[in-house]
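Everything numeric in this text was worked out from a predicted model, so none of it was measured. Below, chain A is the first sequence line, B the second, and so on; all start at residue 1.
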2 protein chains.
Amino acid sequence: MVNKKKSKRVSLKDIAEKVGVSTALVSYVLNGQEKEKRVGEKLVTEIRAALKEMNYVPNHIARSLRNGKTQTIGFIVTDIANPFFSTMARCVEDEASKYGYTVIIGSSDENCEKSKRLVNTLLNRQVDGFIIVPADGCYDYAVTLANDEVPMVMVDRYIPDLTSSYIVLENFKASFDAVQYLIKKGYKNIGMLAYKTSLIHMKERIRGYEEAVRLNGLEKNLYNIRYGFLKSDIHKALQSLDGSSKNKIDALFFATNTLSIAGLYQIRQMNLKVPQDIALIGFDGNEAFDFFYSPLTYVKQPVYEMGKEAVRILIEQIDGSKKISHISLPPQLVLRDSC
Amino acid sequence: MVNKKKSKRVSLKDIAEKVGVSTALVSYVLNGQEKEKRVGEKLVTEIRAALKEMNYVPNHIARSLRNGKTQTIGFIVTDIANPFFSTMARCVEDEASKYGYTVIIGSSDENCEKSKRLVNTLLNRQVDGFIIVPADGCYDYAVTLANDEVPMVMVDRYIPDLTSSYIVLENFKASFDAVQYLIKKGYKNIGMLAYKTSLIHMKERIRGYEEAVRLNGLEKNLYNIRYGFLKSDIHKALQSLDGSSKNKIDALFFATNTLSIAGLYQIRQMNLKVPQDIALIGFDGNEAFDFFYSPLTYVKQPVYEMGKEAVRILIEQIDGSKKISHISLPPQLVLRDSC
DNA sequence: TTTTTTTCGTGAAACGATTAAGCTTATATT
DNA sequence: AATATAAGCTTAATCGTTTCACGAAAAAAA
């Protein structure tokens with residue numbers, strides 16, 4: 001463990017002085033412009049040597065100030081502790097680093113104020129672009145970003161009126177297929193547990209459910225849950241599952257990751273047999289699904305591809321492309337024992 | 001949706017020109033130094049008005065360049081997709097934002113090269129300090145950071161020779177208590193599934209296990225697993241569970257989150273009855289633990305406090321404190337059905 | 001030889017903030 | 001009245017790069 005003292009970082013100027021040239025030349029060499037800028041061969045090698053010898057590393061901040069680019073992207077999710085988003089974050093991180101970008105993650109908690117604050121913080125920090133999971137009912141900041149032509153791409157959900165890029169699941173198909181599968185399996189009274197929100201992805205998932213039910217002439221049993229009241233709301237929604245209710249459902253489809261988990265807790269507590277008393281289909285995949293006594297059939301999202309594509313599209317925009325991409329990725333129904 | 005054009009951001013200079021003063025004055029007012037720097041009352045109000053009216057937001061980059069501080073901290077974990085770390089990341093994020101700091105997260109994959117690259121990237125970006133989960137066997141970069149007096153605090157594990165701050169679980173106690181509990185419950189042949197690593201937290205967990213076993217005159221059944229070969233390694237390790245082996249264990253203690261999950265898969269596949277055939281204790285907590293048919297008893301870490309404290313200590317250091325903190329937080333054994 | 005072109009460098013102004021030092025006035029002190 | 005002090009503001013350097021405009025020397029063309 002050597003006891004080197006903290007030493008000032010070498011700057012371009014230091015290199016320039018050592019070699020005996022102006023900082024301009026060093027900068028040209030550094031950025032591989034020695035050809036265009038016609039730097040003499042001898043100096044090029046000398047400068048290169050000095051750069052290596054003095055162990056030069058560019059000051060990213062100074063460069064950002066000058067160039068107006070930070071090589072940083074902001075990733076705003078609802079909650080990074082949610083496995084769906086942390087998995088995606090991992091992909092985003094990996095992919096971004098391939099392009100030389102760094103990621104700053106922020107959690108909005110599905111809250112408008114927090115979302116705005118996050119966007120502003122990151123704007124002040126001059127991120128070059130955003131990957132955003134827009135929070136429920138919070139359109140203004142996204143609209144502002146779009147108007148200011150800040151590169152951005154929405155993931156998981158999008159804001160319908162906004163002509164910005166997005167990359168989402170084929171949400172309609174995802175739930176349509178899931179419910180269709182339940183129907184094929186013979187379930188007649190299928191319920192869906194969804195969030196009460198204006199968010200398009202949720203609306204689409206609900207529409208998929210409704211369409212499948214309608215096409216088969218079955219009854220609709222949609223339970224809308226508000227954010228923030230998970231346990232009590234879910235309990236209330238599932239009360240109709242009790243034998244006493246006349247509207248007894250025999251299958252339940254969960255619209256998200258968190259709803260699935262919350263639902264499973266509730267169903268276990270109510271001592272319902274899956275799939276005999278009630279069949280289940282979850283959303284997103286989760287280790288907990290595997291260990292539920294009747295491993296959960298679920299709709300799997302291509303998280304990895306989503307993150308990867310989002311980064312690609314965003315950087316395309318940062319690099320000047322005006323192309324707007326609207327991508328929908330196919331879901332996959334993973335069949336197991338719960339129905 | 002108004003169609004405002006992208007407008008240049010207002011700078012201090014713009015404000016100064018509008019009011020008809022020098023940028024210095026504006027800067028003083030902006031930073032609340034109007035008293036010390038004796039700015040005239042009239043001008044103060046005028047400047048304040050202009051700042052508000054022109055909707056000024058400071059350019060963070062410029063400020064960073066000048067001050068040498070970015071108000072950013074780097075958080076290097078092994079994998080942000082691991083719930084333990086993503087949960088902690090959430091706490092770190094929340095806590096840091098209270099102090100006006102932003103967090104950049106990076107995943108090292110327990111890999112030295114990646115760790116180094118991450119640290120360097122973040123150093124170039126002038127993060128003010130690091131919260132690090134040091135990867136196995138990668139001491140050099142941490143030592144360099146320490147020598148260069150870069151503020152940092154290690155979490156989850158620490159590097160023993162390094163006199164830097166850390167905040168970890170009382171790892172010895174965690175596993176000692178867990179195993180002690182198993183013994184009290186009457187289990188005689190207790191195994192432990194741990195990682196084969198030089199990392200201190202793992203060693204301590206193993207030591208806790210060994211000590212408890214030794215104190216009670218029981219036999220040791222430690223299974224060391226290498227990183228990266230989870231499935232096959234675990235399978236091999238658990239083969240001795242098969243009735244055929246003479247060394248049949250009746251309880252198993254998992255050293256981490258991921259090991260617990262991997263172990264559960266294996267145990268289910270082997271059709272072992274928990275806790276009749278084998279009793280289990282997991283680590284860290286996870287929804288999957290709840291839904292395992294015999295809900296897992298587990299060692300719970302104070303993740304929230306860890307993240308929070310780490311940020312506090314780090315910022316203390318960033319603000320100039322030379323104090324080194326070594327904090328160990330107590331674990332909690334959450335009792336359930338698996339033993 | 002003179003003029004034009006090419007080659008290889010330098011100087012200095014940005015980028016947007018902070019801040020030490022200096023310069024006017026006005027007020028207080030003797 | 002002469003001098004010291006305080007109040008209020010400006011100037012300009014600085015952080016570390018990038019890059020445009022220009023200059024000098026060498027090579028090519030006349």
Engineer: B:Arg38 has an atom CZ; how far is it from atom P of C:dA20, in whole Å?
Structural biologist: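 From B:Arg38 CZ to C:dA20 P: 13 Å.
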
Engineer: Between the side chains of A:Asp94 and A:Arg90, is the shortest nitrogen-to-carboxylate-oxygen separation below 4.0 Å, so that they form an ion pair?
Structural biologist: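 Salt bridge flag = yes for A:Asp94 with A:Arg90.
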
Engineer: In whole angstrom, what separates A:Ile15's CD1 from D:dT17's C1'?
Structural biologist: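 Distance, rounded to whole Å: 13 Å.
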
Engineer: Taking any heavy-atom pair under 4.0 Å as a contact, classify A:Leu43: base, sugar-phosphate, or nothing.
Structural biologist: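 It contacts sugar-phosphate atoms only.
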
Engineer: Roughly how far apart are B:Lys114 NZ and B:Ser107 OG, rounded to 0.5 Å?
Structural biologist: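 The distance works out to 8.0 Å.
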
Engineer: Do other residues, nucleotides or ligands put more than 12 heavy atoms under 6.0 Å from A:Glu36 CD?
Structural biologist: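 Counting neighbours around CD of A:Glu36, more than 12 heavy atoms of other residues, nucleotides or ligands fall under 6.0 Å, so yes.
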
Engineer: Out of C:dT19, C:dA12, D:dT11, which nucleotide sits closest to the side chain of B:Ser22?
Structural biologist: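 That would be D:dT11.
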
Engineer: From C:dC8, C:dT19, C:dA17, pick the nucleotide closest to the side chain of B:Leu12?
Structural biologist: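 In terms of side-chain proximity for B:Leu12, the closest of C:dC8, C:dT19, C:dA17 is C:dA17.
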
Engineer: Assign each of A:Asn59 and B:Gly40 to its nearest nucleotide of DNA chain D by heavy atoms, then name whichever residue's nucleotide is nearer the 5' end.
Structural biologist: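 It is B:Gly40, whose closest nucleotide lies nearer the 5' terminus.
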
Engineer: Taking CD from B:Gln33 and P from C:dA17, how many angstroms apart are they, rounded to a whole number?
Structural biologist: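 The distance from CD of B:Gln33 to P of C:dA17 comes to 15 Å, rounded to the nearest Å.
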
Engineer: When rounded to the nearest 0.5 angstrom, what distance separates CD1 in A:Ile73 from OH in A:Tyr99?
Structural biologist: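 Nearest 0.5 Å value for the CD1-OH distance: 10.5 Å.
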
Engineer: In this structure, which one of A:Asn59, A:Thr72, A:Thr70 forms a side-chain hydrogen bond (donor to acceptor under 3.5 Å, both in side chains) with B:Arg125?
Structural biologist: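 Between B:Arg125 and the candidates, side-chain hydrogen bond (donor to acceptor under 3.5 Å, both in side chains) is satisfied uniquely by A:Thr72.
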
Engineer: Just to confirm, is there a sub-4.0 Å distance from OP1 or OP2 of D:dT18 to any side-chain nitrogen or oxygen of A:Arg63?
Structural biologist: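 Yes, A:Arg63 has a side-chain N/O under 4.0 Å of OP1/OP2 on D:dT18.
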
Engineer: Give a yes/no on whether any side-chain N or O of A:Tyr56 is located under 4.0 angstrom from OP1 or OP2 of D:dT17.
Structural biologist: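 Yes.
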
Engineer: Over how many whole Å does the gap from B:Lys13 atom NZ to D:dA12 atom C1' extend?
Structural biologist: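 Computing the B:Lys13:NZ to D:dA12:C1' distance gives 13 Å.
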
Engineer: Please figure out whether B:Ala62 or B:Ala24 has its closest DNA chain C nucleotide nearer the 5' end.
Structural biologist: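 Residue closer to the 5' terminus by nearest nucleotide: B:Ala62.
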
Engineer: If each of B:Thr23 and B:Asn67 is mapped to the nucleotide of DNA chain D with the nearest heavy atom, which maps nearer the 5' terminus, i.e. the 5' end?
Structural biologist: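 Closer to the 5' end of DNA chain D: B:Thr23.
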
Engineer: Take atom CZ of A:Arg66 and atom C1' of C:dG16, then tell me their distance rounded to the nearest Å.
Structural biologist: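 For the pair A:Arg66 CZ and C:dG16 C1', the rounded distance is 13 Å.
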
Engineer: Can you figure out which of C:dA20, D:dC9, C:dG16 approaches the side chain of B:Val39 most closely?
Structural biologist: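 Selected nucleotide: D:dC9.
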
Engineer: Nearest to the side chain of B:Ser27 - D:dT19, C:dG9, C:dT19?
Structural biologist: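 Closest nucleotide among those given: C:dT19.
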
Engineer: Take atom CE of A:Met54 and atom C1' of D:dG16, then tell me their distance rounded to the nearest Å.
Structural biologist: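 It is 14 Å, rounded to the nearest whole Å.
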
Engineer: Take atom CG of B:Leu25 and atom P of C:dT18, then tell me their distance rounded to the nearest Å.
Structural biologist: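 It is 13 Å, rounded to the nearest whole Å.
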
Engineer: Rounded to the nearest angstrom, tell me the gap between atom CG in B:Leu65 and atom P in D:dA13.
Structural biologist: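 My rounded result for the distance is 17 Å.
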
Engineer: When you check the phosphate oxygens OP1 and OP2 of C:dT18, does a side-chain N or O of B:Asn31 lie under 4.0 Å from one of them?
Structural biologist: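 Affirmative; the distance criterion is met.
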
